[in-house]
Structure formats: C-alpha cells, structure tokens
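Throughout, residue positions are numbered sequentially from 1 according to the sequence presented.
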Amino acid sequence: VMRKFILAAALVSVARGARALATTLAGSILVFSAQAGVTTSNVDPINPNSWTSSTNVSIGPSSSGYMNLTNGASITNNNAFIGSQSNGTLNSSSVSVNASTWLNSGEVRVGNQTATNGSLTISNLADVYANSVKLGSSHGSSGHVSVSGIGSQLIGTNHVVVGEGGAGNMTISAGGRVTNKWGSIATQNGDGTGSVGGWANVYGASSAWINETDLTVGFYGNAELTIQAGGRVDSGDSAWISKQAGSTSSVSVNSAGST
C-alpha cells in the first residue's frame, strides 16, 4: 500500500538555543558548540544559532568538517553541502543526527565536489527533512547515508538520488525509513555521462524506502538495490532497471517478508 506524504514546513517547529556555549581553537579548525546538543567543526557559517531557512551551509567547506546533533537538538537552514569542496586533499566530512531534527528548506548534497567524501547518519528517532537529497553529486565524489532504527527518517519532498555523478550508497536498517517523491540510483550529472555507481540496501523488519511516484535503478550508471530480512521498497507509479543503454543494474529481493 502506497503511503502518501505531505511535508508542511509550517508544522515543523525548529527550536534554537539562545546563545553559543563555547568556542575552542583546535589547530586551524574552529570547533563550535552552539545550543545544547549541537557541536560542529569547520562549518560555514560558523554559528548554527545564526542559521535560518535562507542560509546555505557548508560542512567542510574546503577541508574535513563535521556537525553532530544529539539530545533533541533542532537546526534549520536552506541548502547544505557535506564535503563542499576540496583543497587538493580528500575532504571527508560528516553529519550525525541522533534523536534530533535537521530541517533543510533546500537540498542536501552529501559529497558535493571532486575529492570529497560525505556521510550523513540518522538514528535514534531522528528526523531529517530536505527538498532533495543527492549522494555523490560530482565525478570523483562519494556520499553515504545511513538511516537506522524505528522512528528514524529521511524525508525528501522532491527526490533522493543515490549516486548522481559520483558514487552513492544508502543503507536503511532496523526500521529506518526514507520517503520521497521519486528516487534514482546511479543517475547522471549535467554533462550527461553516467555516475560511477549507486548502491542501496534496505534490510530489517519495518525498514522502508517509499517512492511516491517513480524509482529508477540505474539510469546511466550501474546500480544495485538489495531488499532483505523484511525490508520494503515502494514505487507508486513505475519502476525502471537499467533505463538507458550502458547501464548494468540489478534488484535483489531476499528473505521472507521482503518486498
């Protein structure tokens, strides 16, 4: 049964801490502790308390950085880039959302440019909202997202792309859920060439990837979708495997109760 989802941003309450608690200089990276439950290193703008729904945010703007949300913290911004750019060495940047809320009014790119490696971890009843989510946005980049635990969810009001121009990997486990309008694994970027590849794994009872309209497993690139141990993937209108010539992709459904 297809589950419809409507995100009303006005219904999402984002609380903010009134002031910064502490800043410390660790080498050349400024480590910032904002409201209780929010810690960051090498993010731009530096103070999450100043972010609004029109603020574009870089976690690791040129070298590795991180943002951790815990204990009911809530942060809001516009677009977010996890591993924004590289200064010539590998930029490995991460965001962890644990029992907290991260509201992005725009898109989230996990692994944005060449030589960037981004990761997003959502766990323990955490909520992450975005207009769209792209993993491995450019050639030479990689992006990984993990959604685990019943009540943990990633919600894209438009689309979720696992491997846009680079490599993408998405894991949904232990009752986690991803909901979006349409989804794609191993798609393309602006030059029309295929992505390196995309992999999605949905496993465990109540774990689900809900695509309201379409799901494409391998548009130009090579893709793998694995559903196992009671996991579930829905595609409301249509599903494609190896949609364009040159794509070699597969879907595996294993174990009783997987659909």
Side-chain angles (χ1 to χ4, degrees), residues 60 64 80-86 89-95 107-122 130 132-148 154 156 158-173 176 178 180-204 207-211 213-229 231-235 238-254 258:
S64 300
F81 307 98
I82 305 173
S84 180
Q85 297 182 23
S86 173
T89 59
L90 181 64
N91 178 344
S92 294
S93 296
S94 65
V95 171
E107 68 177 6
V108 174
R109 295 190 181 190
V110 185
N112 184 48
Q113 296 289 344
T114 300
T116 63
N117 178 9
S119 68
L120 170 60
T121 303
I122 304 165
S132 62
V133 179
K134 298 176 180 179
L135 311 180
S137 293
S138 303
H139 289 285
S141 69
S142 64
H144 174 74
V145 64
S146 172
V147 185
S148 63
L154 170 63
N158 194 357
H159 57 268
V160 170
V161 174
V162 183
E164 185 185 29
N169 188 301
M170 180 169 71
T171 302
I172 307 169
S173 63
V178 175
N180 47 265
K181 186 174 182 180
W182 61 268
S184 181
I185 307 174
T187 180
Q188 65 186 41
N189 63 4
D191 63 11
T193 59
S195 67
V196 171
W199 300 266
N201 191 358
V202 184
Y203 68 91
S207 300
W209 185 10
I210 308 300
N211 299 273
T213 57
D214 304 326
L215 173 63
T216 301
V217 181
F219 197 99
Y220 282 104
N222 299 326
E224 294 180 9
L225 170 61
T226 303
I227 311 165
Q228 57 186 332
R232 168 186 162 200
V233 175
D234 285 358
S235 178
S238 60
W240 302 82
I241 301 174
S242 299
K243 189 170 185 178
Q244 299 292 339
S247 172
T248 302
S249 301
S250 64
V251 175
S252 300
V253 183
N254 306 316
S258 302

Quiz prompt | Test item: S137 side-chain N/O and N112 main-chain N/O as donor-acceptor pair under 3.5 Å | solution = no
Quiz item: Who pairs with T116 by side-chain contact (heavy atoms from CB on, under 4.5 Å), at least two apart in sequence or on another chain?
Solution: S86, N91, Q113, S141
Quiz item: If only atom types and distance count, is the side chain of S207 paired as donor or acceptor with the main-chain N or O of G204 below 3.5 Å?
Solution: yes
Practice problem: Quick one: pull up OH in Y220 and OG1 in T187 and give me the separation to the nearest 0.5 Å. | Solution: 8.5 Å
Quiz item: Among side-chain atoms of N201 and E224, is any donor-acceptor pair under 3.5 angstrom?
Solution: no
Self-check item: Pairwise distance CG(L135) to CD(E164) - rounded to 0.5 angstrom
Solution: 9.5 Å
Quiz item: So L90 and N117, side chain to side chain contact (heavy atoms under 4.5 Å, CB included) or not? Walk me through it.
Solution: CA-CA 7 Å; L90 181 64; N117 178 9; 4.2 Å; yes
Quiz item: Hey, what do you get for CZ (R232) to CD1 (I172), rounding to the nearest 0.5 Å?
Solution: 11.5 Å
Self-check item: Distance-minimising heavy-atom pair for S235 and T213
Solution: OG-O, 3.5 Å
Quiz item: With sequence neighbours left out, what residues match H159 under ring pair (Phe, Tyr, Trp, His ring centres under 6.0 Å)?
Solution: W182
Self-check item: Nearest heavy atoms of A186 and G198, plus distance in Å
Solution: CB-N, 3.7 Å
Quiz prompt | Closest non-hydrogen atom pair between G218 and A223, with its separation | solution = N-CB, 3.4 Å
Quiz item: For the residue pair H144 and T171, what are the closest heavy atoms and their distance?
Solution: CE1-OG1, 3.6 Å
Quiz item: Got a second to check how far S138's OG is from Q85's CD, nearest 0.5 Å?
Solution: 10.0 Å
Self-check item: Taking every non-hydrogen atom, the tightest pair across G183 and W209
Solution: CA-CZ2, 4.1 Å
Quiz item: If you look at every heavy atom in S249 and G221, which pair is closest and at what distance?
Solution: OG-O, 3.6 Å
Quiz item: In Å and rounded to the nearest 0.5 Å, what is the OG to CG distance from S252 to L225?
Solution: 8.0 Å
Exercise. Show your working on side chain to side chain contact (heavy atoms under 4.5 Å, CB included) between V133 and V145 and close with a plain yes or no.
Key: CA-CA 10 Å; V133 179; V145 64; 5.8 Å; no
Exercise. State, without any angle test, whether N158 and N180 hold a side-chain donor-acceptor pair at a distance under 3.5 Å.
Key: no
Quiz item: Taking the side chain from S173 and the backbone from Y203, do they hold a donor-acceptor pair closer than 3.5 Å?
Solution: no
Quiz prompt | From S94 atom OG to I82 atom CD1, the distance as rounded to the nearest 0.5 Å | solution = 8.0 Å
